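Working notes for the structure below.
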Amino acid sequence: MNFDFSEEQTMIKDSVARFVRDEYDIDTRRKIINSEEGISREFWNTFAELGWLSVPFAEEYGGFGGTVEDIAVVMEELGKGIVVEPYVSTVVTFGGLLAASTNNSLKEAVIPSIIDGSCLGSFAFLERQSRYEIADVVTTAVAADGGYVINGEKTVVVHGGTANKFIVTARSSGEQFDAEGVSLFMVDAAAEGVSLKSYQTMDGQRAATVQFDNVRVTDDQLLNSLGQGMQLIDHVMPQILVALSAEALGIMSTLNAITVDYSKTRQQFGTPIGSFQVLQHRMVDTFIACEQTKSMLYRGLCQANEYAANPDAGNAEFLKSVHALKATIAKSGKLIGEEAIQLHGGIGMTDELNIGHFVKRLMTINVSFGNGDFHQKKFNQLNYSA
Amino acid sequence: MNFDFSEEQTMIKDSVARFVRDEYDIDTRRKIINSEEGISREFWNTFAELGWLSVPFAEEYGGFGGTVEDIAVVMEELGKGIVVEPYVSTVVTFGGLLAASTNNSLKEAVIPSIIDGSCLGSFAFLERQSRYEIADVVTTAVAADGGYVINGEKTVVVHGGTANKFIVTARSSGEQFDAEGVSLFMVDAAAEGVSLKSYQTMDGQRAATVQFDNVRVTDDQLLNSLGQGMQLIDHVMPQILVALSAEALGIMSTLNAITVDYSKTRQQFGTPIGSFQVLQHRMVDTFIACEQTKSMLYRGLCQANEYAANPDAGNAEFLKSVHALKATIAKSGKLIGEEAIQLHGGIGMTDELNIGHFVKRLMTINVSFGNGDFHQKKFNQLNYSA
Amino acid sequence: MDINFSAEDLAFRDEVRDFFAREFDAELAQQLSATQGGDYKSAIVSWQKKLHAKGWIAPGWPKEYGGTGWTVTQKFIYETERGAAGIPDVVPFGLKMVAPVIYTFGTEEQKAHFLPRILSSDDWWCQGYSEPGAGSDLAALSTTAEYAGDNYIVNGRKIWTTFAQYADWIFCLVRTSKEMRKQQGISFLLIDMETPGVTVKPIVSIDGKHSLNEVHFEDVLVPRENLIGEQDKGWTYAKALLAHERTGMAEVADSKRMLSKLKQRAAEEVNGGTAMINDPVFQMRLSDIEMELMALEYTELRVFASMAGGGMPGPESSLLKIKGTEITQAIQELQLQLAAEYGGALQGDLSNQELGHDYAAEARSKYMYGRAATIYGGSNEVQRNVIAKAVLGL
Amino acid sequence: MDINFSAEDLAFRDEVRDFFAREFDAELAQQLSATQGGDYKSAIVSWQKKLHAKGWIAPGWPKEYGGTGWTVTQKFIYETERGAAGIPDVVPFGLKMVAPVIYTFGTEEQKAHFLPRILSSDDWWCQGYSEPGAGSDLAALSTTAEYAGDNYIVNGRKIWTTFAQYADWIFCLVRTSKEMRKQQGISFLLIDMETPGVTVKPIVSIDGKHSLNEVHFEDVLVPRENLIGEQDKGWTYAKALLAHERTGMAEVADSKRMLSKLKQRAAEEVNGGTAMINDPVFQMRLSDIEMELMALEYTELRVFASMAGGGMPGPESSLLKIKGTEITQAIQELQLQLAAEYGGALQGDLSNQELGHDYAAEARSKYMYGRAATIYGGSNEVQRNVIAKAVLGL
């Protein structure tokens, strides 16, 4: 039994932490999110040079060959700076789906360009009506001329505006809610028929509405077998959820630390507010919530490692922990975010202070790929149905 | 708009309050609950003499002709003394069902004996399997010789051991969960085939397991039409729930008052514990919970009065408030009860102090005729199904 | 015990409904749905002028100064209908906050000058209480007013001043004596925002909008006749006002409206083929809030009924503030959950239509700005201290 | 990061399972399910003697004094298996509470005399800390021990003493000096319950049972050699013990067992034709608790892993106590809800069978007695004070 990070993990953790501390203060971030693209290409190149973009990819494609745990190490530190560059969307989600695909020529072509920073990617899955059900797909992929024609609209495509490529869910068969019949295609952002409108989201990141208007694709662009896209998504989703949760944990521990520090200096009624017992107990409760969340993340990581070591034993325990983790993130994130603002008082309500920005990213993570109730119900389904 | 009690209500309220204050301290109560019958016949006669037993009954049977509000006035004060005498089971429940029945000769025969204190009654409806679904009845009433034969077992029959008569649910037709086919019979406790085993319950009251073994009844003992018992129960249930809720409110306000007083005298760390901000805020929260509960009770009473004045307009709003009331009682009861013990510390854990006895009655009320979740779901069904 | 409406009450209700239906038109509703920008001020003022013309602008005032003379029941009916119609409350700073101080503690000249202009919405007021160093600890304020000649010379800084950018006047607590105990030596001044030395600096809040401001005072001359009551006694007047303010913070009618919209939306939002309103867990989340709100409505009625005989509200009003703001925040939070991934978009140049969920952006901004409700007007922690001390005697 | 079990660990797990299955038989389980009466003492002692014979009675002790020398992983496995088998933990007062004080701070004579008798369960210990006037404020104790000749003369009263009615020995905090500051002047004494002047008075608790007692001391002579460490330094020893005690309060393995039984029962309880385990709302109530417990299991493992290098646990152990007791109470509460109207019966002369729901009476008594968990061992309020001060630096 051990809960330590390896030497390599400690190195990359320190490297990300150093970057956040030295290069990514709230003003730098503010400039980036108000810039035209909403991300810093310069920093992204730095990430590439430091090897962060290679973490989850196999060595044969030039990757680091990292695990879910390695991703979590990076994400927790990125969370401490609420870094807006598209690590989750490009490396973890787009990259994760690609890495898990069975289309080797696509992997050979694209993964190296993710690693060197030249390719940004995004997963275009959400539709106006679909909410948290990824299999709820009305975008169509109709066979034509030895390929397919994609028609439909995807919404809230994270960092869609800067993506060079999309992985798109499209229905090649079946009815609206069927898991069977959802196919995954890689589509170039510059392909004919692709158009988009980009906007800022509350967490300082960007998203886009993307239209696919008679976009032509071929079998070569399929990530795995036609109509079997949900299998691939289900396989990769736990690692996306762990990555977001690790980011959230980084945010929570930062919010708690800032709030405790503030309570030691802010004077009210002639004494630091941190001396009021009511506020002390509430900070203890946010401390406990953060520790419990960390434990749940570690549980997920231990079980990810266990599953990786014994894939034949199945991933039931890993899945159970991941749903519990995302549900826990929702609860502790709400508690910690709201208490951070409340304990700061008026100043916590300002755009100028960093607190609100951390909270808004937490709120966004909460509803990304299913909110707390959604995942708790998945947990219940796995565990209780008699 | 007014939230005042009438002069008559104030008189009866003061009368019950005086009794509780002067005659019903915790030691008196302890003697009663440890006595053979578990109730005081002497006090019951006092209740009769003071007219409390006549409150809900029509004047034609010698009653006071009172309303749901009048019952609530009595119950809130009885709650402040956690009076164990069978007011809810005999007057409100047994008496309420009888008063609402269409069997006038039964009413003429029995109601006066409730009012004069000579008849104790109990509603025997619960079965081992039925939990909160009153229509879940496997006790049978089979037609025979111009009457019916009842066979079955009823459990947790409140104050069954001292009851002279039972109103019994029995299935005369239909399947286990059908509302149709449940009939209500009045059965004498001394009737052939009735046997019971009495025991104490956590709240200091008594209950019994009652066996009905080939008990013969006639049409004269039917409270309303054969198989239509659930209609009568559904009609009377809101007033039973309001009565229990009013009792619970009396308990909660008492618990809060005792706890606040205790916190002013109990010294820890050289100061009364009531000076600790954390405990202050928690007592504020229990105060607020109690006030909100009172408001919900008053809402229910206003709507009961509205429904009584305009029965044709239907009881939808009344029902909605009653389910909300019972669900609120569950939440605030849990909060207030648990905080009362916690703030008292070790002494709150002793059987000797009154605190625990109040809490145990609250817990019992919580699960009587459906717990909080059960009633909140009923509320949801009435309000949200699209 | 009843809340029955008399025939007169029912007739009054119809009159209110008719008036709202006729006068609060779609254009007004549209202008008021955005809570910033130049439109907002002119829209709300034009609406308030309509209410004034009708005589309904100040239900809380004594009749002699322009109040409506309504019964508690009529006030309840008016508020209920206003909320149900989705009509925002009047801007409180003039009508609900400074006016009661003026008509209770002001001179005849002050009443004659200020009250009519508040009623007609010709003056826009803002509140100068909080300071950077004094948040919940209001009395720790350090803005000074030195008396010299016939004027006070005011120096200092106020913060969290809502809509100062629109204001003609600000009412301020200022320190006129440093010799006395903290709560003493404070005076209540009315200051013309046009006076030289007054500057307003915007604060962008976490919803990305500009409602809050800092107001700076640099050697600002305020004539003596703008002092309310006695010098150094301002805390007394402010305290009376605070309890008054809190009773207005339950916002039951508005929460009812928000909840009813939330239910409509939950019937339209579908997850995996099931409308959210039919989801048993979502139903529990809804009714957890709705039941609290049903109770709070009656708690408010009980407070109002007990005030019907006259007199200022007591410390129980803190309960209304605590519970009212907690319920509002709970609704906002559930609305944001309902908006799911669609709720994160800042509108930018995208219309609601393009996002596909037309309430989603509103859900986001209401949630974020709504965090302030438990902070301002005396934080909920301070309200709990008030109840502990004044109600429970701790 | 992993919690993988090595081949040795797996072999150990099998050995533990086998031992429990073989030695903890149905009769023992039956005797131990009732937590009072004469049977209980003899049953738990006979079980502890079996553990002692196997060498497993004191996993927490250093190996030199009779500990098992297990790794953290082995301790985790042992605890997990114990909980899963529904085996109660050992009585803590001797093995987990006084023993660490004796082997850390005691004399060689004290170690030689007391430790073997604790290991063999020949001595039953109880704890004399709390006093009527000193609850959470432990150091406010007023039981005195005056030194005279070779003895201390003890006078005073201890309260909430669990199982004092069974005890051979009591370890006490007593005041040996009134000159010093509150925490100083306290000494740690071991007192033979047979000494003249010691009397035990039962306290019936709100579950209607007798586990708690008052212990009165009237001129009780305690030989000097029963003093632990230095006179007036007892608070230091007690404090070290308290942190140790708290780590044992998470009771994860027991909560897992209770939760798993709760799930089984929820599958059997039917409301209107639907098993409660399939009710979406009940499922949420269950998973709210289960998820917290899953996290706490790893929090505990993290604390144990960090202690693996040796050393006493830090103030984070307060977290384990807070969360552990809150989870236990939440399970008890849900169990009582599940028991519905059947949960209110006191057993009296009725068997569980007659009530029809064989866990219902247990649900009631566990819920009621369980309220003590957040009060004893340093109330949860005190634990939060500890974290605020020692961990957050407030």
Side-chain angles (χ1 to χ4, degrees), chain B residues 126-133 135-136 153 155-156 158 176-177 197-203 205 207 209 266-270 273 276 278-279 330 334 337-338 341-353 355-357 359-360 363-364 366-374 376-377, chain D residues 130 132-137 139-140 159-160 182 203-210 212 269-273 276 279 281-282 285 329 333 336-350 354-357 360-361 364-365 367-369 371-372 374-376 379-382 384-385:
Chain B
L126 193 71
E127 301 185 351
R128 283 176 186 237
Q129 84 292 340
S130 59
R131 285 180 59 90
Y132 299 137
E133 295 295 343
D136 177 352
E153 180 198 60
T155 182
V156 200
V158 179
Q176 180 179 346
F177 301 113
K197 202 157 195 179
S198 181
Y199 53 91
Q200 210 178 17
T201 49
M202 70 189 285
D203 56 349
Q205 304 203 7
T209 307
R266 169 70 171 169
Q267 301 268 330
Q268 294 270 271
F269 303 101
I273 62 171
F276 291 110
V278 156
L279 304 191
K334 174 173 152 62
E338 291 180 357
I341 294 175
Q342 183 71 23
L343 268 68
H344 274 82
I347 196 81
M349 285 296 299
T350 63
D351 183 70
E352 196 183 344
L353 200 74
I355 286 292
H357 299 280
V359 173
K360 285 188 271 195
M363 297 303 299
T364 305
N366 180 354
V367 294
S368 293
F369 298 106
N371 70 356
D373 278 351
F374 177 83
Q376 195 166 342
K377 284 186 226 167
Chain D
S130 290
S136 290
D137 185 11
I159 197 169
W160 318 129
K182 205 167 72 169
I203 298 172
V204 176
S205 45
I206 52 179
D207 58 342
K209 294 183 180 171
H210 167 215
L212 305 173
E269 289 291 340
V270 172
N271 213 72
M276 291 300 288
D279 176 291
V281 172
F282 193 83
R285 305 264 181 255
Q329 289 186 341
E333 211 271 331
L336 190 60
Q337 292 298 322
L338 188 67
E341 280 156 309
Y342 313 100
L346 297 183
Q347 277 182 273
D349 60 348
L350 246 70
E354 279 174 283
L355 283 170
H357 295 254
R364 174 196 57 75
S365 69
Y367 172 82
M368 293 311 302
Y369 194 71
R371 307 316 309 164
T374 45
I375 297 169
Y376 66 42
S379 74
N380 284 21
E381 289 79 15
V382 167
R384 284 187 166 85
N385 290 346

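So you know, we letter chains A, B, ... as the sequences are listed, proteins then strands, and number each from 1. The model shown is predicted, which means the values in this text are computed figures rather than measured ones.
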Does any heavy atom of chain D fall under 4.5 Å from the side chain of [X], the backbone, both, or neither of them?
| X | value |
| --- | --- |
| B:Tyr132 | both |
| B:Leu353 | neither |
| B:Thr350 | both |
| B:Leu126 | side chain |
| B:Gln205 | neither |
| B:Gln342 | both |
| B:Gln129 | backbone |

Measuring heavy-atom distances to chain B, does [X] have an atom under 4.5 Å in its side chain, in its backbone, in both, or in neither?
| X | value |
| --- | --- |
| D:Val204 | both |
| D:Met368 | both |
| D:Ala139 | neither |
| D:Arg384 | neither |
| D:Phe282 | neither |

For the [atom1] atom of [X] and the [atom2] atom of [Y], what is their distance to the nearest 0.5 Å?
| X | Y | atom1 | atom2 | value |
| --- | --- | --- | --- | --- |
| D:Ser205 | D:Arg371 | OG | CZ | 13.5 Å |
| D:Glu341 | B:Thr201 | CD | OG1 | 11.5 Å |
| B:Ile347 | D:Ile159 | CD1 | CD1 | 5.5 Å |
| D:Tyr376 | B:Met349 | OH | CE | 9.5 Å |
| D:Glu333 | D:Tyr367 | CD | OH | 5.5 Å |

Looking at [options], which has the largest count of heavy-atom pairs under 4.5 Å with chain D?
| options | result |
| --- | --- |
| B:Gly348, B:Gly346, B:Gly356, B:Ala207 | B:Gly346 |
| B:Asn366, B:Asp373, B:Asp136 | B:Asp373 |
| B:Phe276, B:Phe369, B:Phe269 | B:Phe269 |
| B:Gln267, B:Glu352, B:Met363 | B:Met363 |

Does the side chain of D:Gln329 come under 3.5 Å of the side chain of D:Thr374 through a donor N or O and an acceptor N or O?
-> yes

Could you walk me through whether D:Tyr342 and B:Thr155 pass the side-chain contact (heavy atoms from CB on, under 4.5 Å) test, one step at a time?
-> CA-CA 8 Å; D:Tyr342 313 100; B:Thr155 182; 3.7 Å; yes

So, for D:Ser130 and D:Trp160, which heavy atoms are closest and what is the spacing to 0.1 Å?
-> CB-CD1, 3.7 Å

Keeping the roles fixed (side chain from B:Glu133, backbone from D:Asn271), state whether a donor-acceptor pair exists under 3.5 Å.
-> no

Any donor and acceptor pair, going by atom type alone, linking the side chain of B:His344 with main-chain N or O of B:Ile355 inside 3.5 Å?
-> no

Chain B interface, residue from D:Ala140, D:Gly273, D:Ala339, D:Ser365 that has the most non-hydrogen pairs under 4.5 Å | D:Gly273

Name the option with the most non-hydrogen atom pairs under 4.5 Å to chain B; the candidates are D:Leu336, D:Asp279, D:Asn380.
-> D:Asp279

How about B:Leu343 and B:Glu338: do any of their side-chain heavy atoms sit closer than 4.5 Å?
-> no

